[in-house]
Amino acid sequence: MVLPRFVRPKEGDGESSPNLFVANCGPAVGLSYDTIASVFSSFGEVIGVYAADESGARVIISFLESTSAHSAFKALNGQPCPPLGGRSLHIRHSILQPPSSRVNDSVPVSLIASDLNIPGLYLFHDFISAKEEEELLQAVDNRPWKSLSKRRVQHYGYEFCYDKRNVDPKQHLGALPSFVSFILKRVSSFPNINDPADLDLDQLTVNEYPPGVGLSPHIDTHSAFKGLIFSLSLAGPCVMEFRRYTAGSWALKTEVKVENPDSCTELSRKAIYLPPRSMLLLSGEARYAWHHYIPHHKIDKVKETAIRRGSRRVSFTFRKVRTGPCQCEFPQYCDSQG
């Protein structure tokens with residue numbers, strides 16, 4: 001979905017707007033869009049709740065009537081809101097930016113990897129069956145989850161430390177669970193695998209994303225993992241965007257947080273639709289030089305069709321832990337060589 005762009009109104013115009021910008025509110029702080037809508041609807045009919053940016057902690061609330069927005073502003077701005085976990089909301093009036101001044105942030109979404117023309121990127125549809133998907137979801141739901149600010153995770157083989165964006169190869173958690181054995185066997189038949197040793201995958205991260213939650217643009221740390229990354233999508237669909245920053249400080253960051261990526265002119269953006277049960281392979285340039293990113297949307301626009309994400313999306317990401325420095329061909333993106 002292409003999110004509407006809202007701005008702060010000119011002095012004196014605010015109370016005439018039916019839209020509110022609300023900070024400290026959103027999936028990143030544990031509040032679903034449905035919960036937010038139910039609270040604000042007590043002031044009048046809510047047309048929609050949108051992500052204000054990619055943080056997941058700021059939303060736009062659009063009312064049918066401007067008087068409803070004004071009432072909500074007076075009642076909730078700067079005040080603890082018990083129905084929203086007692087959070088103090090920071091609110092301002094907002095208006096839709098005129099179309100003539102909008103930045104075009106729409107990226108066409110492809111259905112097959114070859115359309116993106118990114119070397120090393122492959123997508124395999126229906127990699128597993130619906131029955132296998134159900135069994136995998138049941139297996140992880142029978143195991144404990146670790147809660148992060150925006151999602152839940154499970155780690156197998158080695159734990160990925162998000163604060164350091166790396167793994168400790170000395171802290172081995174054990175072999176990968178038996179319920180993924182058939183996946184490991186199946187990826188061995190993938191084409192375009194230059195070194196069979198890279199298929200000795202020993203690290204698995206399972207992510208569970210609630211509706212509206214995605215990932216910030218990032219490159220998996222070069223020094224942490226070798227050259228093949230497999231990501232299996234389960235339960236719900238999403239759009240994954242790929243960005244390549246070709247100049248300046250952007251190129252040196254393995255993780256970037258950009259509210260307006262179009263402000264960086266040295267940037268290529270491409271996107272692909274990941275349906276449930278599909279397997280994505282990142283290798284070569286796609287793995288080492290392109291940031292991958294999942295927008296914080298509840299609805300994605302694919303070929304002029306609006307596709308709502310499911311009640312959850314679960315991904316299984318398989319990698320091989322690196323034990324020495326990375327010597328890839330992309331030193332400008334490499335923490336070992338940078």
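Numbering starts at 1 and runs along the sequence shown.
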Donor-acceptor pair, H296 side chain versus G214 backbone, under 3.5 Å?
yes
Checking T221 side chain against R165 main chain: does a donor-acceptor pair fall under 3.5 Å?
yes
Thinking salt bridges, do D34 and K298 make one under a 4.0 Å N-O criterion?
yes
Aromatic rings H292 and F242: how do their planes relate, parallel, tilted or perpendicular, breaks at 30° and 60°?
tilted
For side chain to side chain contact (heavy atoms under 4.5 Å, CB included), just list the numbers for H297 and V239, CA-CA rounded to whole Å, side-chain angles, deciding distance to a tenth of an Å, and then say yes or no.
CA-CA 9 Å; H297 295 173; V239 166; over 6 Å; no
Evaluate W145 against V206 for side chain to side chain contact (heavy atoms under 4.5 Å, CB included), listing each step before the verdict.
CA-CA 9 Å; W145 291 92; V206 181; 3.8 Å; yes
Has Y333 got a side-chain atom pairing as donor or acceptor with H291's backbone, closer than 3.5 angstrom?
no
Aromatic F124 / basic R186 pairing, under 6.0 angstrom, 45° off normal:
no
Are Y158 and H172 close enough that their ring centers fall under 6.0 Å?
yes
Can a side-chain donor-acceptor contact be found between R322 and S223 if the only test is distance below 3.5 angstrom?
no
State the CD1-CG distance between I91 and N77, to the nearest 0.5 angstrom.
5.0 Å
Is there a path of hydrophobic side-chain contacts, each under 4.5 Å between heavy atoms of I, L, V, M, F, W or Y residues, that connects F63 with Y33?
yes
About how many Å separate CG of D200 and CG of L228, when rounded to the nearest 0.5 Å?
11.5 Å
Starting from F160, can I reach V153 by hopping between I/L/V/M/F/W/Y residues whose side chains sit under 4.5 Å apart?
yes
Report yes if some heavy atom in the side chain of F43 is under 4.5 Å from a heavy atom in the side chain of L76; otherwise report no.
yes
Rounding to 0.5 Å, atoms CG (L234) and CD1 (I128) come to a distance of 5.0 Å
Verify, without hydrogens or angle tests, whether E65 (side chain) and G44 (backbone) share a donor-acceptor contact under 3.5 angstrom.
no
Of E133, E135, E134, the residue whose pairing with K131 passes side chain to side chain donor-acceptor pair (under 3.5 Å):
E135
Out of L173, T205, L204, which residue meets the side chain to side chain contact (heavy atoms under 4.5 Å, CB included) rule with Y156?
L204
So does D300 pair up with R309, basic N to acidic O under 4.0 Å?
yes
Output yes when a side-chain donor or acceptor of N24 lies under 3.5 Å from a complementary backbone atom of R87, and no otherwise.
no
Are M279 and L281 connected into the same hydrophobic cluster when the rule is that any two of I, L, V, M, F, W, Y join if their side-chain heavy atoms are below 4.5 Å apart?
yes
For a side chain to side chain contact (heavy atoms under 4.5 Å, CB included) check, start with the C-alpha distance between Q337 and C328, then their side-chain angles and the critical distance, and finish with the verdict.
CA-CA 9 Å; Q337 301 176 65; C328 68; 3.7 Å; yes
Would you call the rings of H70 and F73 parallel, tilted or perpendicular if under 30° counts as parallel and over 60° as perpendicular?
parallel
Before we go on, tell me: are the rings of Y162 and H155 under 6.0 Å apart, centre to centre?
yes
When hydrophobic residues are tied together by side-chain contacts of less than 4.5 Å, even through go-betweens, does L116 share a cluster with F330?
no
Yes or no on side chain to side chain donor-acceptor pair (under 3.5 Å) for Y293 and R269, after CA distance, side-chain angles and deciding distance?
CA-CA 10 Å; Y293 158 57; R269 301 174 67 192; over 6 Å; no
Any donor-acceptor N/O pair, R287 side chain to K226 backbone, under 3.5 Å:
yes
Out of curiosity, L89 CG to L84 CG, how far, rounded to the nearest 0.5 Å?
6.0 Å
Hey, does the side chain of S41 reach the backbone of A37 with a donor-acceptor pair shorter than 3.5 angstrom?
yes
Should L280 and L121 count as side-chain neighbours, where that means a heavy-atom distance under 4.5 Å?
yes
When rounded to the nearest 0.5 angstrom, what is the spacing between CZ in R151 and CD1 in I294?
8.5 Å
Pairwise distance CZ(R243) to NZ(K270) - rounded to 0.5 angstrom
14.5 Å
Can a donor-acceptor pair be found, under 3.5 Å and without considering hydrogens, that links the side chain of S233 to the backbone of P275?
no
Give a yes or no on whether the backbone of C326 and the side-chain of S336 come within a donor-acceptor separation of less than 3.5 Å.
yes
Any side-chain heavy atom of F230 within less than 4.5 Å of one from I183?
no
